[in-house]
Each structure stands twice: as structure tokens, then as C-alpha cells.
Number of protein chains: 2
Amino acid sequence: MTSQSVGASDNIGLLLSLASAQGVAAANAALRPMDLSTRSYTLLELIIRAGGASQRELADTLRLDPSQIVALVDGLEQRGFAQRRPNAADRRQKSVVATNRGRQAYRRARDRVEASLDEVLGELDEAERETLRALLTRIVHPRPATVERVS
Amino acid sequence: MTSQSVGASDNIGLLLSLASAQGVAAANAALRPMDLSTRSYTLLELIIRAGGASQRELADTLRLDPSQIVALVDGLEQRGFAQRRPNAADRRQKSVVATNRGRQAYRRARDRVEASLDEVLGELDEAERETLRALLTRIVHPRPATVERVS
DNA sequence: TATTGTTATACTCTATAACTATA
DNA sequence: TATAGTTATAGAGTATAACAATA
């Protein structure tokens, strides 16, 4: 038995990136027949849940450069899944909203994505998944350290 | 307060990919002055710990295509951090080993990487990090499901 | 002056296929 | 016939810089 002999190690950064790659690959495979990627699916999910969002908000949430949001929204718009609407309150902004067709596509896609994620997380029970979610949330969205101003 | 209003959600796949991206970005920033990337650093770490490995073993461990290993090993070799040695037992294989200079570079790099990772995981105490490591290990390296053969 | 969306560009990653030399 | 390493190439993903319209 020669393979696997090097060992995946205890490197937590490597583990994070391998787990993430596994999740993204599984989700992309599940979404391919729906003409969606992990990214465009996540974007669609966000605008559906929020009932619309500016591109700046989407960029902040997904930690992407605004210019990448342009391309993603273009893609969703071309497929009729989303629309850009002018924002009367601030004419610099555009409100990105899902179309009915987009909501429909999202519902079908969600089932496939949840199934694929379930396969990736297969070994973990519900409580363990919740623990993982909580730990990751604290990495991704850390509360700002209490400002102890030394005057 | 308009930004952050969309919310990072409870999507565990998104959380995984955001956390991973944060870790990789921090490590890359820490490694840049050392002429190493997260990838080449991890590869160097593997061959040092294992005392040498075939490119196939490295590809399996890092879940990369063998062709990507070629480029990474080329890079390490050009910088004098690693060497390819013929394997007398199987002349198809090459044993990738670290040089003294590679081991030296790794030790300096490791301090920087650990510091950057510590910043990313800042909020989590040692026990929580261990929990995270254990959960991720079970996602990345799942035990094969017990084969229940229905005869 | 600063912010939103946009275009352009370059660079890294990732995914595939095909080739060679060895087994 | 299968495996280890290699080359080539195309497609995603990422990172920057600069610009027009608006605040």
C-alpha cells in the first residue's frame, strides 16, 4: 500500500481548504445541469432571502470584489434569474432582485445542493454540523475585539 | 448602516469556503516575502515530515492532479528548496526530498504561517481549535462506509 | 471628495487530455 | 494493460487599477 502514506496531517489550514474544495466541487457537480455554479447559486440565495440587495452589499457578504459581482449578476440576468432595478433613493445603486423564474430555479437547485452537501458532511450528525457551523461563523464573522482604549 | 445588512447566512458550504479563503489569503500574505505560496509551503512541509515522497503520493494527499505537482516541485527545485531523486526500486517514480536550504526556509516560514493562522482563528481557544480540526478531518478523510454486502 | 457600478487586464487555480517511460 | 511523471491548453477564480455617474 503505497498511496495515502504521506498522511493528511494536522494542518488546520490545509484541512479547511480541502474541506472547502470538496464542498465546492460537490455543489458545482450538483448544479451543473441547472446552469448554475456555486457562486451564482449563493448569490441567487442571498437576493431571494434579502428580497433584493445592492451589488455593494453582495460584494461585502460574499467577500468578493464588486467587479466580480458585475459578472455574476450579468450571468443571472442573461438566464432570466435576476434583474437589476434602479434605486430611486440613491441613483448610484442598483437593486438586484430575483425573478419568479429565478426563485423557481433556486428551489430546484437547493434540493440538489443540500443533497450534495449532505454527502460531504455525511459522517457528521446534526449536532456536530451545528458545532461546525458555529465555529466557522466565529472565524468568518468575528466580533470586533473589545476596544480597550488606553488613555 | 447599509453594509452587512444581507447577512452571511447559515449556509455551511459558504462558511467553509469563506473561512478557507481567509486562511489561504492570510497565509499567502505571510509567505509572500519568503518566495513561497500556501501550496508550495504545504508541499515542503509534507516532504520534510515524510522524509521524501513520490509525486503521486503528494498528489493524493493534497488532492491535486499530478500535473499540478509537477509545477509545484519545479518551483521548489528552482529555488533550491527540494530535489527530485531517482527511485531505484521503481524507475517510473521520483522521490521528492527537501534540501537543507528547504528545511531552513520551512522553519522560518512556519513561524509566519502559524502567526497568520493564529490571527484567523483568533477567537477560538485551543479546545475549540481541536474540535474544529477533528470535525474537518472527518469531512476530508472519511472512513469508508462499512460494506454491508447483501448476498 | 467619496461611493457605486463598470471595464480591462493579468495572474493564479483548476480541469482535461494526450504523451513517454517504465512496470 | 496500467501507472508515474510530463506537457499543453482552456476555463474559473482572484486581484488591481482606472473610469463615469452620482452622492
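Per chain, numbering begins at 1; letters A, B, ... match sequence-line order.
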Quiz prompt | Rounded distance in Å - CD (A:Q68) to P (C:dT4) | solution = 17 Å
Practice problem: To the nearest Å, give me how far apart CG (B:L72) and C1' (C:dT14) are. | Solution: 12 Å
Quiz item: Between B:S67 and A:N28, who's closer to the 5' end of DNA chain D by nearest nucleotide?
Solution: B:S67
Self-check item: Distance-only side-chain donor-acceptor flag, A:S37 / A:S40, under 3.5 Å
Solution: yes
Quiz item: Is any side-chain heavy atom of B:R79 less than 4.5 Å from a side-chain heavy atom of B:L36?
Solution: yes
Practice problem: Would you mind reading off the distance between A:R56 atom CZ and C:dT6 atom P, rounded to a whole angstrom? | Solution: 13 Å
Self-check item: Residue mapping more 5' on DNA chain C - nearest nucleotide basis, A:S54 or A:A25
Solution: A:S54
Quiz item: Atom CG of B:L14 and atom P of D:dG13: how far apart are they, to the nearest Å?
Solution: 14 Å
Quiz item: Quick one: is C:dA23 close enough that its OP1 or OP2 comes under 4.0 Å of any side-chain N or O from B:R91?
Solution: yes
Practice problem: May I ask you to check whether B:Y41 and B:Y106 place their ring centers less than 6.0 Å from one another? | Solution: yes
Quiz prompt | Phosphate-side-chain proximity, B:R39 and C:dT14, N/O vs OP1/OP2 below 4.0 Å | solution = yes
Exercise. Kindly say if A:R92 contacts the phosphate of D:dA21, meaning a side-chain N or O under 4.0 Å from OP1 or OP2.
Key: no
Exercise. Please tell me if the side chains of B:Q93 and B:R56 come closer than 4.5 Å, counting only heavy atoms from C-beta onward.
Key: no
Self-check item: Between C:dA15 (P) and A:Q22 (CD): distance, integer Å
Solution: 12 Å
Quiz item: For C:dT6, does either OP1 or OP2 sit under 4.0 Å from a side-chain N or O belonging to A:Q55?
Solution: yes
Quiz item: Is the shortest side-chain N/O distance from B:R84 to OP1 or OP2 of D:dT6 below 4.0 Å?
Solution: yes
Practice problem: Report the residue (A:D90 or A:A21) whose heavy-atom-nearest nucleotide on DNA chain C is the more 5′ of the two. | Solution: A:D90
Practice problem: Rounded off to whole Å, could you give me the CG-to-C1' distance for the A:D65 and C:dC11 pair? | Solution: 14 Å
Practice problem: Classify the side-chain pair B:Q22/A:R63 by whether it contains a donor and acceptor separated by less than 3.5 Å. | Solution: no
Exercise. Specify the separation, in whole Å, of atom CZ of B:R85 and atom P of D:dG5.
Key: 16 Å
Quiz prompt | Separation of atom CG in A:L64 from atom P in C:dT4, rounded to whole Å | solution = 16 Å
Self-check item: A:K94 side-chain proximity, nearest of D:dG5, C:dT6, D:dA23
Solution: C:dT6
